[in-house]
Protein chains: 2
Amino acid sequence: MRNKFNAIYQDLADKINHHNYPVDSYLPSETQLSELYGTSRETIRKALSELLTNGFIQKIRGKGSIVLNLQRFNFPVSGITSFKELNNSLHMNSTTEVLCLEDQHVPLEKFDYQSSSPLLATYVERLRKTNNEPIVLDHDYILKSVVPEISHKVAADSLYDYFENQLGLTISYATKKITVESPTKEEAQLLELNEHQDVVIVRSQTYLEDTTLFQFTESVHRPDKFSFVDFARRQKIN
Amino acid sequence: MRNKFNAIYQDLADKINHHNYPVDSYLPSETQLSELYGTSRETIRKALSELLTNGFIQKIRGKGSIVLNLQRFNFPVSGITSFKELNNSLHMNSTTEVLCLEDQHVPLEKFDYQSSSPLLATYVERLRKTNNEPIVLDHDYILKSVVPEISHKVAADSLYDYFENQLGLTISYATKKITVESPTKEEAQLLELNEHQDVVIVRSQTYLEDTTLFQFTESVHRPDKFSFVDFARRQKIN
DNA sequence: TCATACATCCTGTATATACATGTTGTCAAA
DNA sequence: TTTGACAACATGTATATACAGGATGTATGA
C-alpha cells in the first residue's frame with residue numbers, strides 16, 4: 001500500500017473485482033492510465049505486470065490489456081492466506097476450535113526436512129468448521145526460536161494477525177505439498193469421515209522475509225470439501 | 001529466449017539448478033551482474049524479479065539476493081507443462097497410450113462453463129504410465145474452431161509440441177481446479193484401483209495469447225501417485 | 001474494386017538517472 | 001568497552017527517453 005504501483009495495482013484489482021472494468025473489456029491504455037493516476041508509464045507497467053501474473057488481465061501487444069474472467073472463489077491453497085482472512089473476505093460462517101496447545105518437537109520426517117538438531121516448537125491443533133461442518137484439521141508447529149510464546153486466545157483468533165501485527169514479523173513465502181493419504185483414527189473421527197475414506201493433506205513450510213524458517217503446517221482436509229483453484233501461465237522447460 | 005532479460009533469467013536459473021550458485025549463498029549484486037552481462041541494472045532487475053516470483057531467490061534489501069532451496073521435483077500441476085516435456089526433463093521412463101480419438105461435444109457442466117452454444121471438439125483419451133504403472137488418465141477436448149484435425153500420431157506423441165511448433169499457436173495461460181471424487185468404473189479399472197478408492201481430478205481450461213479458449217482437460221490421477229508441489233508468496237487480502 | 005502503403009494507435013524492450021532506504025563495517029569519541 | 005556517527009554498498013522506487021514491433025483504420029494508386 002505504501003508504494004505507488006502497489007496502490008495502483010490494488011485500485012485496478014478492486015475495480016476489476018467490482019466490475020468497474022467488465023470482463024472481456026479493455027483497460028485504458030498505459031499512457032491513458034499514466035495520465036489518470038498522474039504518474040509515469042513505467043509505474044503503470046509495474047502495476048499491470050502484477051495484474052498479469054495474478055491472472056487479472058491478459059496483455060495483447062498492439063491492442064491493450066483485456067480483463068479476464070477469473071473465478072477465484074474457492075479455498076486458495078495457492079496463496080499464503082490465513083483462515084480468518086478468508087473467512088472475513090468470503091463472509092463465511094466459520095469457527096475455530098483449539099484442540100491442543102503445547103510444546104513439541106517438529107516431526108521432521110513428515111515434512112521431508114533435514115536438520116542436524118531437533119526443532120522445538122509450539123504445537124497448535126485446531127479444527128475449522130463452517131456451518132457446523134468440520135472442514136479442516138490444522139496441525140501447526142511454530143518454532144520457539146522465532147516465537148517463544150503463544151497464548152490460547154491468539155490460537156483461537158488468528159496466528160497470522162498476531163505474528164504480523166503484534167510481533168512485527170513479515171511473512172514472505174512458503175512451500176506447499178499436497179498429497180492424498182489415509183487419515184489417523186483421530187483425524188477420521190474429528191472430520192466425521194467414513195472408514196476407508198482418504199483425506200487431502202497440505203504440508204507447508206513458511207518463511208520470513210530474511211529466509212528464516214519459522215512454521216510447519218499440516219492441514220488435513222475432508223476430501224469432499226477440498227477444492228483448489230489455480231491460475232498458471234505457460235512456461236517452457238529446457 | 002529472444003529477450004535479453006529472459007536470456008539472463010534462463011542463465012541464472014540454470015546456474016542455480018546446477019549449483020553454480022549454491023543454496024544459501026548470495027548472487028552477485030545487481031551492479032556486478034549488470035557489468036557481468038554487459039547490460040543495464042534495470043534489465044538485471046527484470047531477470048531477478050522473475051527469479052523471485054518463481055521461487056529461485058529471495059531479495060533482501062540492503063544485503064542482496066539469496067539463493068533458495070526449492071525442491072520442485074514433483075509433478076508440477078502448478079505450471080502448464082506437457083507430459084512429454086516433464087518426461088524428458090525428469091528422465092523418467094514413461095509411455096502414453098491413446099485409448100480414444102474422436103469428435104465430441106465438450107461436457108460443459110463438468111467444467112462449470114457457461115456457453116450459449118455447444119462446443120465441438122476433438123476428444124482424446126490417453127493413459128499415462130511410468131515404469132508400467134498407470135499414473136494419470138487424461139481426457140482432452142481440443143476445440144475444432146481452433147484445431148480442426150488431430151492425427152493419432154500426434155496424440156500419441158505430444159499435443160503441445162504439435163500446437164506450438166507445427167501450428168504456431170501460442171499457449172498462454174490456464175485455470176485449474178483440483179478436487180477429489182469417486183472414479184467411474186472405467187477409470188477405476190484403467191488406473192487399477194481398489195473399490196471405494198477416490199481419485200484426484202484436475203480440470204483445466206487452456207487459453208491462447210489472444211485469450212481464445214481452445215482446450216478443456218480432465219486429468220484423473222491415482223491418489224497414491226498424486227503429489228502437487230507449490231511455491232507461494234504472501235499476499236494480503238482486503 | 002482491391003491491394004498497397006502509411007499514419008497512428010498500442011505494448012515490448014532497453015537504457016540512464018536520481019533519490020530513498022536498509023545493512024554492514026569502520027573508526028573515533030565517550 | 002561501548003556507543004554513535006558515518007561511509008560504502010546493497011536493493012527499492014520513480015521518472016524520462018528512445019526505439020522496436022504488432023494492430024488497425026485510412027488514403028492512395030493500380
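Chain A is the first sequence line, chain B the second, and so forth, proteins listed ahead of strands; every chain is numbered from 1.
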Problem - Value in whole Å for how far the C1' atom of dT13(C) lies from OH of Tyr9(B) - result: 18 Å
Fill in the blank from the handout: In B/S/- notation (B base, S sugar-phosphate only, - none; protein heavy atoms under 4.0 Å), nucleotides 8-16 of chain D written 5' to 3' is --BBBBBBB
Handout entry: Heavy atoms from other residues, nucleotides or ligands near CD of Gln114(B) exceed 12 (cutoff 6.0 Å)
Key = no
Handout entry: Whether Tyr207(B) and Tyr173(B) hold their rings parallel, tilted or perpendicular, with breakpoints at 30° and 60°
Key = parallel
Exercise for the section: Would you please name every residue forming a ring pair (Phe, Tyr, Trp, His ring centres under 6.0 Å) with Phe163(B), sequence neighbours left out? Expected result: Phe214(B)
Handout entry: Nearest-Å distance for atom pair CD/P, residues Glu209(A) and dT21(C)
Key = 16 Å
Handout entry: Side-chain ion pair, Lys153(B) and Asp157(B), N-O less than 4.0 Å
Key = no
Handout entry: Set of residues satisfying ring pair (Phe, Tyr, Trp, His ring centres under 6.0 Å) with respect to Tyr123(B), sequence neighbours excluded
Key = Tyr141(B)
